[in-house]
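What follows is a set of notes on a single structure, which appears directly below.
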Amino acid sequence: MNNNYLEELNQVQREAVECTDGPVMIVAGAGSGKTRVLTYRVAHLIKKGIDPFHILSLTFTNKAAREMKDRIGKIVSKGEARNLWMGTFHSVFARILRTEAARLGYPTNFTIYDTDDSKSLIRTILKEQGIDEKIYKPSIVLSRISSAKNNLLSAQVYLQNEEAMNEDKLSGKPKIGLIYDIYHKRCFRAGAMDFDDLLFNTNVLLRDFADLLNKYQDKFRYIMVDEYQDTNFSQYVIVKQLAAKFQNICVVGDDAQSIYGFRGANIQNILSFEKDYPDLHTFKLEQNYRSTQNIVNVANTVIKNNQDQLQKNVWTENPAGDLIYLLKAHTDNEEGQIVARNIYDLKIDKMANNRDFAILYRTNAQSRSMEEALRKKGIEYRIFGGLSFYQRKEIKDLLGYYRLAINPSDEEAFKRIVNFPTRGIGDTSIEKILIAARDNDISLFTACENITELNLAINSGTVQKIQDFVTMIQSFSALLPVQNAYDLGDHIAKTSGLLHELHIDKTPEGVSRYENVLELLNGLKEFSDGALPPAIDLNENKLEFQDTNETNKELEENTEESLPMRTLDQFMQDIALLTDADKKENNEDVDRVSLMTIHASKGLEFPYLFIVGVEENLFPNPMSLLSRADLEEERRLFYVAITRAEKRATITYSSSRYRWGTLTSSEPSRFIDEIDSKFIEYGNSAARGEFEEGSNPQYLVNKSSTNKKIEQKQKFETVPPRKNLVKASTANAGPIDNTNLKSLQVGMTVKHERFGTGKVVQLEGGFPNTKATVVFNEAGQKQLLLKFAKLEIIES
DNA sequence: GTGTAATGCTATTGG
DNA sequence: AGCATTACAC
């Protein structure tokens with residue numbers, strides 16, 4: 001036990017830790033010991049006697065949560081720390097949603113759709129609706145839906161929201177509201193939530209069920225939110241609702257580091273926190289412990305160019321240190337070589353290790369030239385982000401089988417694996433299944449289960465293949481509660497033919513794919529053996545309160561024998577929420593140079609830092625030049641980048657680089673101009689020449705004219721109003737009562753949700769598999785399964 | 001229905 | 001340049 005933790009804090013940090021009750025805002029400058037404050041604050045709460053069950057701490061990554069838990073465990077006790085609720089918004093509320101899923105008509109084992117799943121579903125909908133994919137690009141449609149959800153606009157509300165509909169009309173995409181509506185219904189039918197739904201549906205729960213709001217308000221009496229500047233409206237409302245009763249809400253953030261506006265983060269959440277909680281205690285952590293004076297000064301001078309910010313003065317007692325080192329290259333490949341050479345030299349000069357270095361870039365695509373150069377120099381590296389392990393095709397394929405076994409309604413999993421490895425169920429059959437599923441409002445899998453009753457125009461051989469597929473998946477499902485994660489996962493990999501399919505491919509890529517699948521199975525093995533959860537240890541949390549620490553101690557000692565079996569569905573629960581940072585091997589102390597985007601570097605620090613590709617048309621990204629707000633976010637991004645450095649920061653740019661396969665020329669970023677030249681060491685003569693006064697008048701004129709354009713715009717630009725909280729609509733209703741349809745007879749007039757009214761011309765098959773042929777006034781003749789179709793008898 | 005060749009698109013940032 | 005979707009031959 002460590003009782004001296006308070007002595008490891010400075011005055012302000014200590015006050016922030018000890019101010020445990022009521023609303024608190026901690027404005028934490030870069031490198032000001034924020035993590036330490038958060039950690040000790042939680043520990044302090046527990047020491048004061050607050051039950052860890054009542055503490056909720058929302059972090060930006062799951063890795064951060066795990067590390068913090070470990071550190072807290074060292075101050076209090078491991079058993080107590082284990083009972084904390086700590087994790088990202090998405091993982092914490094996914095967990096709660098699984099518990100409360102029934103309230104929303106969702107199954108407990110709902111699937112979490114990742115971005116690829118969402119786009120694929122949108123593509124399917126576009127095809128069905130005959131909407132041009134060129135105009136309605138899935139990524140654009142999805143981002144529109146996403147921002148609607150993040151502003152708590154349900155599909156129904158969206159369709160009635162004049163502002164939203166007008167925006168879509170003006171952008172030439174008036175059907176987005178319609179697509180949103182269908183998308184939402186399809187997700188519901190598939191028992192799936194996308195990332196935004198996890199937050200949206202949490203809001204629905206807390207809004208529509210007073211008992212639940214009460215329950216979680218009582219449970220989470222102390223709430224802390226890290227990186228508050230990056231929360232969106234949906235997250236904001238969740239926090240506000242949960243904290244409404246006890247008001248013990250502590251948010252930590254730095255407006256200067258708000259870099260997620262593109263996914264709905266609202267910097268206003270932190271800028272106007274005071275208005276929400278008038279009796280707020282504010283603490284400003286301004287002393288930087290991380291970086292040299294030069295680095296702090298450069299960061300300060302650059303960020304000063306932004307208008308929107310809270311007053312603060314970040315300073316440090318650290319030595320002045322090296323100047324910012326500026327290097328110019330002529331191509332992106334040369335840039336890589338220069339960086340690799342500098343790392344090589346610095347390692348010798350400073351006796352540094354690979355792990356002391358990081359290379360940061362604006363876009364993932366820039367990693368390649370860096371990788372190549374490092375490889376040639378024999379410097380080991382690791383890449384964060386980009387294609388993560390779980391996004392690889394072979395992994396997604398196998399996970400597709402797991403997903404379908406756990407949730408047979410999962411449409412995206414179905415489409416992915418129904419014919420992979422190929423088993424003779426081709427596009428035309430799937431097309432027919434899709435239509436039948438839509439007409440009867442059932443999932444694709446349910447349609448397959450009833451493939452004979454639906455009697456679609458599919459030849460009998462294929463019908464048999466579909467039935468075999470159904471039987472196979474059902475046999476997997478049946479094993480879920482019986483076998484542990486590894487045994488079943490391995491069984492599925494073999495029985496499905498997937499492992500075999502990969503094994504016969506002897507190309508280097510094929511071998512690598514096979515090995516990746518083995519690695520996944522390996523992970524399953526470790527999970528089953530109880531070595532570690534997939535990444536998130538929320539699994540340990542219980543929603544029910546436990547009496548005292550006695551119970552916990554018991555739990556701790558009670559290992560091996562009494563441990564319940566770890567099953568495949570448990571393993572799969574949080575898979576979609578894992579990021580690269582959560583991967584096990586990235587936590588180990590491997591001695592490698594880190595490569596990542598600036599976004600991914602948030603919260604990290606490195607002694608020797610390289611920021612590469614600091615060029616106009618790349619950083620700031622051209623997409624962000626249209627408004628002052630976007631440009632300021634790019635500048636904050638630069639601020640985040642530079643403040644990752646502890647001892648030395650090197651900035652590089654290139655005068656040309658390959659983009660889309662062709663060489664394009666580029667010039668240094670305006671952000672370099674914004675650094676006072678007294679802080680810069682021009683590392684090579686090329687760079688020095690570029691910035692000599694008047695050396696390149698044309699280039700300077702260009703840049704100032706760009707700036708002017710932006711300034712003009714900002715005059716007319718008003719601060720965008722916070723989107724009003726339009727009441728979100730309740731999630732879809734439950735099943736329709738079809739029992740009265742037993743009395744349905746030929747000649748009756750019926751009404752269908754989509755096809756309108758029509759006359760029954762034929763009935764075949766006994767209840768409950770009765771199939772009706774209906775001639776609709778508008779939609780023509782359709783065949784519908786009574787047990788699924790929402791038919792209403794209008795006239796006998 | 002399946003496999004291969006040609007075409008076309010993409011690259012902000014991420015849970 | 002690399003990947004995904006499409007077109008076409010079998």
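This is a predicted model, so every value here is computed, not measured. Each chain gets a letter, A, B and so on, in the order its sequence line appears, and its residues count up from 1. Computed from heavy atoms alone, side chains included, the values below leave out hydrogens, waters and symmetry copies.
In this structure, Thr597(A) reaches the dG14(B) phosphate: one of its side-chain N or O atoms is under 4.0 Å from OP1 or OP2. For dG15(B), neither phosphate oxygen OP1 nor OP2 lies less than 4.0 angstrom from any side-chain nitrogen or oxygen of Ser91(A). Within the 4.0 Å cut-off from OP1 or OP2 of dA11(B), not a single side-chain nitrogen or oxygen of Asn364(A) is found. Between Asn617(A) and dT12(B) there is no side-chain N or O to OP1 or OP2 distance below 4.0 Å. Close to dG2(C), at under 4.0 Å from its OP1 or OP2, lies a side-chain N or O of Arg368(A).
Across the protein-nucleic acid pair, Asn621(A) atom CG and dT12(B) atom C1' stand 5 Å apart, rounded to whole Å. One can place CZ of Arg95(A) at 21 Å from P of dG15(B), the figure rounded to the nearest angstrom. In this structure, CD1 of Ile458(A) is placed 13 Å from C1' of dG1(B), rounded to the nearest angstrom. In this structure, the NZ atom of Lys396(A) is 11 Å from the P atom of dA4(C), given to the nearest Å. Look at CD on Glu615(A): it is 16 Å from P on dT12(B), rounded to the nearest Å. If you measure from atom NZ of Lys393(A) to atom P of dG2(C), you get 20 Å, rounded to the nearest angstrom. A straight line from CE of Met596(A) to C1' of dT12(B) spans 17 Å, rounded to a whole angstrom. The separation between Arg659(A) atom CZ and dT12(B) atom C1' is 10 Å, rounded to whole Å.
When the nearest nucleotides of DNA chain B are assigned to Glu634(A) and Thr115(A) by heavy-atom distance, the more 5′-ward of the two goes with Glu634(A). Between Ala365(A) and Asn459(A), the residue whose closest nucleotide on DNA chain B is further toward the 5' end is Asn459(A).
In this structure, a donor-acceptor pair under 3.5 Å is present between the side chains of Ser146(A) and Asp196(A). Inspection of the Gln229(A) and Ser258(A) side chains reveals no N or O donor paired with an N or O acceptor under 3.5 Å. A donor-acceptor pair shorter than 3.5 Å can be found between the side chains of Asn203(A) and Ser234(A).
Using a 4.0 Å heavy-atom cutoff across all strands shown, Tyr260(A) reaches sugar-phosphate atoms only and no base atom. Among the protein residues, Ser429(A) comes within range of the sugar-phosphate backbone only, with heavy atoms under 4.0 Å from sugar or phosphate atoms but none that close to a base. Across all strands shown, Thr428(A) has heavy atoms under 4.0 Å from sugar-phosphate atoms exclusively, and none from any base. Among the heavy atoms of the strands lying under 4.0 Å from Asn419(A) are primed sugar atoms or P, OP1, OP2 only; no base atom is included. Across all strands shown, Lys137(A) has heavy atoms under 4.0 Å from sugar-phosphate atoms exclusively, and none from any base.
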Under 3.5 Å, side-chain donor or acceptor atoms of residues 496-503 of chain A against the rest of the protein: list the pairs with distances, not counting sequence neighbours.
from, atom 1, to, atom 2, distance (Å)
Ser496(A), OG, Ile492(A), O, 2.8
Ser496(A), OG, Ala493(A), O, 3.3
Ser496(A), OG, Leu498(A), N, 3.2

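Asp332(A) pairs by the salt bridge (charged side-chain N to carboxylate O under 4.0 Å, His left out) definition with nothing, not counting sequence neighbours.
Judged by ring centres under 5.5 Å apart and planes tilted less than 30 degrees, Phe262(A) fails to stack against the six-membered base ring of dT12(B).
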Steps toward salt bridge (Lys or Arg N to Asp or Glu O under 4.0 Å) verdict (Glu133(A), Lys127(A)):
CA-CA 8 Å; Glu133(A) 210 176 298; Lys127(A) 261 183 219 140; 5.2 Å; no

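Among the duplex regions that DNA chain C forms, those built from at least three successive Watson-Crick or G-U pairs under 3.5 Å are B:1-10 with C:1-10, ordered by first number.
You'll find the side chain of Asp254(A) stays beyond 4.5 Å of the side chain of Ile270(A), heavy atoms only. Within the 4.5 Å cutoff, side-chain heavy atoms of Leu374(A) are placed close to those of Leu595(A).
Not a single donor-acceptor pair, N or O on each side, falls under 3.5 Å between the base of dG15(B) and the side chain of Asp114(A).
Taking the six-membered ring for Trp and thresholds of 30 and 60 degrees, Tyr236(A) and Phe233(A) have nearly parallel ring planes, at less than 30 degrees apart.
Distances were taken from every side-chain heavy atom of Asp196(A) (C-beta onward) to each of dG15(B), dC9(B), dT12(B); the shortest belongs to dG15(B). In this structure, of dT2(B), dT12(B), dT5(C), it is dT12(B) that holds the atom nearest to the side chain of Thr363(A).
Using C1' as the reference atom, dT13(B) and dA4(C) are 22 Å apart when rounded to the nearest Å.
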